[in-house]
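Small disclaimer: the values here were computed from a predicted structure and weren't measured.
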Amino acid sequence: MKRITIFLLSLFAAEQISAQALIPTPRHAAFEAGHFLLTSDCPIIAASDEAQTVADYLDDLLPLRRSAFLGLGEALILDIDPTLPQEGYRLEVGEQRITLSGGTRDGLFYGVQTLLQLLPAEVYSRRLSLPCEVACCRVEDSPAYAYRGSHLDVARTWMPLERVKQHIDRMAFHKLNTLHLHLTDDEGWRMEILSHPRLAQVGGFRGGDSPIEPVYGRWDEKYGGYFTQQELRELVEYARLRSVEIIPEIDLPGHSRAFARVYPEILCDYQPSLDRSAGYDVRNAFCASREENFSILEDILREVCAIFPSKYIHIGGDEVEMSQWRRCPRCQQLMRERGWEEPAQLQEYFMSRLIKILKSNGKEPVVWNEAINGGTLEKSALVQGWESVKACRKATSEGYQTVVMPGQYFYFDMRQSAHEEGHVWAAIFDAEKVYNFDLTKLGFTPEEQRRVAGFEGTFFSEAYIGHNPESDSYLDFMLWPRTAALAEICWHRGPKDWPAFRRALTGLHGERMDAMSIGHRLFPPVVTYSQGELSARADQEGQQLFYTVEPDSVEHPYTGPIRTTEPQRYRFRARREEARSPWVAHASYYATIRPAVHFTSSLPESEKAPFNRIDSYKGAAWTTRTHRAGDWLRFDFAEPLSCREIHLQTGYLHLPRCTFRHAKVEVSRDGSTFEPAGELTAGAITLRPEFPIRAIRITATSTGNGEERVIIQSLKIKV
């Protein structure tokens, strides 16, 4: 009886550990006593040509002996079993052999990913030492959703071929199957077009001698790049071997400023005033009434369709600045001829023309959710619902297959906590909110749920350009582990258990991400202050804690509680391998004051966001034109101000757009005489005054920021 009890306990422990190790969680996993001993002599036997390509992939991670014959000894057998679901697999690990079957090649590939997760994490770094033990088990799984996507924006911040391949590898490890590649936008055109070569040769760069103004950063250099068609074919094949389909996006008819700066003849037939933008034409929408525009787009889309074998081509349809069509006499004439009253109908006309081009090339369209607002776009379009849950439900209720990806849950360029970097316009959330996304709880009816094609995690790269895009650091931190949570909801419909999933992320799967060289986000440490002692505790064992003491930015190893009367000067973060947590601090670090201040400027103020918002600390104020050299901003305090820190920021809170691009900063002790205090960096500066100040003045030393306004944020002042 005692032996039976011990056996049952060991079996239960093995199942608990293994179940937590598998991400995404399989719908069926049974673990048994015993193990398969994997050695370098173990042969891989591929029972079909399709299985052979999977074995080729596995070779790179797990170099075993290849064999064409099934003997009597240990073996790893890869096979296709058409009785399984198309993307489903069955993995059986016995003491004598491992048998892995997939409904198709893709299913077999996903089974390989589960097998890899049963091995030590070193397999992902190609440093696995053999022999090693593989727990005996039977795992069967298939995805809950057919579309399991990741969006990568290479238009705002250029990402070279190897970076995109790396992202595909990480998608494949997590059984995601669709890369939505955002190739064009206002800031760049990233695909070679042979019929119109200047699009990439000129439009692939901004700044310097390019006609495209830099907007988000790196203002003093020519920056960018583009993919040749041969590189894109290489990327498509690389992705195919990893069961990832690439859907390219050519964002139309808006978001086309880069195109328009190379070929301005695509724009509407009116001459805009360029005074607000210091001479730069910021229009970014194709004229919907120019027949020649559809000819050039037919050339382009024909080439796009020839490169990408996907059934789908994404043609955009989002955030079209229809005011340009309202001012265009040709567009207005077209609307009168067709009896249209709303510009959304003009957009549907434009999109329907593009869809006709796609269909003539054997393709179907993907569009952003705004593209269906006219009410007549054909139902063959795959809709991506990004604006809100409501927009997703609208698309599904109207009969469209819909990729659910509202920014509040799936835009992984959003901040993960209040004091981190990232966007803020949609929401602030980490992996927990992604994991807990639930269609039923959000009101989707059964009929609407049947039209949910799947989910997509999105990364737009406006902020990336200001975070050293030559390294993976910022990209990894924003995407992971949120993308792992995305993979979970794409595959697993079962009950939610966030504590268990979190343990997996911080435990075995965290080790895997380390081995994948993903600089992922660690959950933040806990900081406390009591009786003069400042303490920090890492979220998990195995993490090293560091701290800084302002104004110094040097990181010091944390070894124990710190005696201090100034807890507001300390910040803490955890590190493990390349992973790191956000900086965190005691509440006193974030405390601010609001002394009486009066803001003035040489720039005219916007009625929608007037300057008195700065005086009352109610967010940002806007001007009605961009800056020119000599324009100034001034903050006058009612009383001399003594404080630890003053943060002044032009542009948006979350990224340096609509800034004073270059400016000198001065401070005054008496409100009359000013002395130098520094220069803006990325539109902002943090002052740590050594004496009481009465005024701050910022004076532009350059002209223009690629926009028609400057945004000024309320001061953030710390005691």
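- Atom CD of Q86 is surrounded by 12 or fewer heavy atoms from other residues, nucleotides or ligands within 6.0 Å.
- In this structure Y89 satisfies the ring pair (Phe, Tyr, Trp, His ring centres under 6.0 Å) test with no other residue, sequence neighbours excluded.
- Between E420 and R521 a salt bridge is recorded (basic side-chain N to carboxylate O distance below 4.0 Å).
- One distance of note links CG of L235 with CG of L179; it measures 7.0 Å at 0.5 Å rounding.
- Partners of F227 according to the ring pair (Phe, Tyr, Trp, His ring centres under 6.0 Å) rule, which considers only residues two or more places apart in sequence or in another chain, are W158.
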Exercise for the section: Please step through side chain to side chain contact (heavy atoms under 4.5 Å, CB included) for the pair V244 and N177, ending with a clear verdict. Expected result: CA-CA 4 Å; V244 172; N177 70 346; 5.6 Å; no
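- Cation-pi contact between R233 and Y238: absent, since separation from the ring centre below 6.0 Å together with deviation from the ring axis within 45° is not met.
- Taking H654 as the reference, H423, V424, W425, Y652 meet the side-chain contact (heavy atoms from CB on, under 4.5 Å) condition, with sequence neighbours excluded.
- Remark: R138 is not positioned above the aromatic ring of F31, lacking an NZ or CZ atom under 6.0 angstrom from the ring centre and at most 45 degrees off the axis.
- Salt bridge present: R502 and D539 bring a charged side-chain N and a carboxylate O closer than 4.0 Å.
- Here the CD atom belonging to E462 is positioned 8.0 Å from the CZ atom belonging to R657, to the nearest 0.5 angstrom.
- For the residue pair S310 and K363, no side-chain donor N or O sits within less than 3.5 Å of a side-chain acceptor on the partner.
- Checked by atom type, the side-chain pair T445/R393 shows no donor-acceptor distance below 3.5 Å.
- For the atom pair OG of S388 and CG of L442, the computed distance is 11.0 Å after rounding to the nearest 0.5 Å.
- Y409 places none of its side-chain heavy atoms less than 4.5 Å from the side chain of V434.
- Taking the six-membered ring for Trp and the full ring otherwise, H509 and W480 have centroids separated by 6.0 Å or more.
- Heavy atoms only, all atoms of each residue included: T402 and A395 are closest at OG1-CB, 3.4 Å.
- Between Y57 and F109, the ring center distance clears the sub-6.0 Å criterion.
- Under 4.0 Å is where a charged nitrogen must lie from a carboxylate oxygen, and between D185 and R257 no such pair does.
- Interatomic distance, Q384 CD to Y400 OH, rounded to the nearest 0.5 Å: 14.5 Å.
- Of all the heavy atoms in A487 and P24, the pair that sits closest is O-CG, 3.6 Å.
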Exercise for the section: Quick one: do T114 and K175 satisfy side-chain hydrogen bond (donor to acceptor under 3.5 Å, both in side chains)? Show the steps, please. Expected result: CA-CA 9 Å; T114 296; K175 305 176 188 174; 2.6 Å; yes
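- The ring pair (Phe, Tyr, Trp, His ring centres under 6.0 Å) search around F410 returns F437, F455, not counting sequence neighbours.
- Contact detail for L522 and P582: the closest heavy-atom pair is O-CD, 3.5 Å.
- In this structure, F572 and Y558 have perpendicular ring planes: the angle between them is above 60°, well past the 30° mark.
- One finds the CD1 atom of I465 at 11.0 Å from the CG atom of L655 (value rounded to the nearest 0.5 Å).
- Contact check on E187 versus R206 returns no salt bridge, with no Lys/Arg side-chain nitrogen under 4.0 Å from an Asp/Glu carboxylate oxygen.
- Y110 places none of its side-chain heavy atoms less than 4.5 Å from the side chain of L108.
- Of all non-hydrogen atoms in D476 and G519, the two that sit nearest each other are OD2-N, 2.9 Å.
- Contact detail for A682 and P656: the closest heavy-atom pair is O-CB, 3.5 Å.
- A salt bridge does not link R450 to E448: none of the charged nitrogens lies less than 4.0 Å from a carboxylate oxygen.
- The shortest distance between side-chain heavy atoms of I307 and M191 falls below 4.5 Å.
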Practice task
Given side-chain hydrogen bond (donor to acceptor under 3.5 Å, both in side chains), test R482 with Y435 step by step and report yes or no.
Solution key: CA-CA 8 Å; R482 288 190 286 195; Y435 174 85; over 6 Å; no
Identify all side-chain donor-acceptor contacts of residues 160-168 below 3.5 Å with residues at least two apart in sequence or on another chain.
residue, atom, partner, partner atom, Å
R163, NE, D472, OD1, 2.7
R163, NH1, Y464, OH, 2.7
R163, NH1, P469, O, 3.0
R163, NH2, P469, O, 3.4
R163, NH2, E470, O, 3.2
R163, NH2, D472, OD1, 3.2
K165, NZ, E234, OE2, 2.4
Q166, NE2, D472, OD2, 3.3
H167, NE2, S150, OG, 2.8

Problem - Audit row: E456, T178, side-chain hydrogen bond (donor to acceptor under 3.5 Å, both in side chains) steps and yes/no - result: CA-CA 9 Å; E456 181 170 296; T178 307; over 6 Å; no
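- Proximity of W386 to Y411: side-chain heavy atoms (C-beta onward) are separated by under 4.5 Å at one or more points.
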Exercise for the section: Show the numbers, then the answer: is there a side-chain hydrogen bond (donor to acceptor under 3.5 Å, both in side chains) between R190 and T184? Expected result: CA-CA 6 Å; R190 305 300 183 195; T184 72; over 6 Å; no
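- Using a 4.0 Å cut-off between charged nitrogen and carboxylate oxygen, D60 and R126 count as a salt-bridge pair.
- For the residue pair R573/Y547, the side-chain donor-acceptor check at 3.5 Å is not satisfied.
- Using modelled atom types, one finds a donor on one side chain and an acceptor on the other under 3.5 Å when comparing Q449 with T440.
- A donor and an acceptor atom, one from each side chain of D141 and H28, are nowhere located under 3.5 Å apart.
- By the 4.0 Å N-to-carboxylate-O rule, D81 lies close enough to R90 to be salt-bridged with it.
- Using a 4.0 Å cut-off between a side-chain N of Lys or Arg and a carboxylate O of Asp or Glu, E87 and R148 qualify as a salt bridge.
- Centroid-to-centroid, the aromatic rings of F173 and Y124 come within less than 6.0 Å.
- Electrostatic pairing of R451 and E447 counts as a salt bridge here, judged by a charged N lying under 4.0 Å from a carboxylate O.
- Of the charged side-chain nitrogens involved, none lies within less than 4.0 Å of a carboxylate oxygen, so that R127 and E122 do not count as a salt-bridged pair.
- In this structure, G254 and V320 approach most closely via the heavy-atom pair N-CG2, 3.9 Å.
- For H180, the ring pair (Phe, Tyr, Trp, His ring centres under 6.0 Å) partners are H151, H314, W368, not counting sequence neighbours.
- The environment of NZ in K390 is sparse: at most 12 heavy-atom neighbours from other residues, nucleotides or ligands sit within 6.0 Å.
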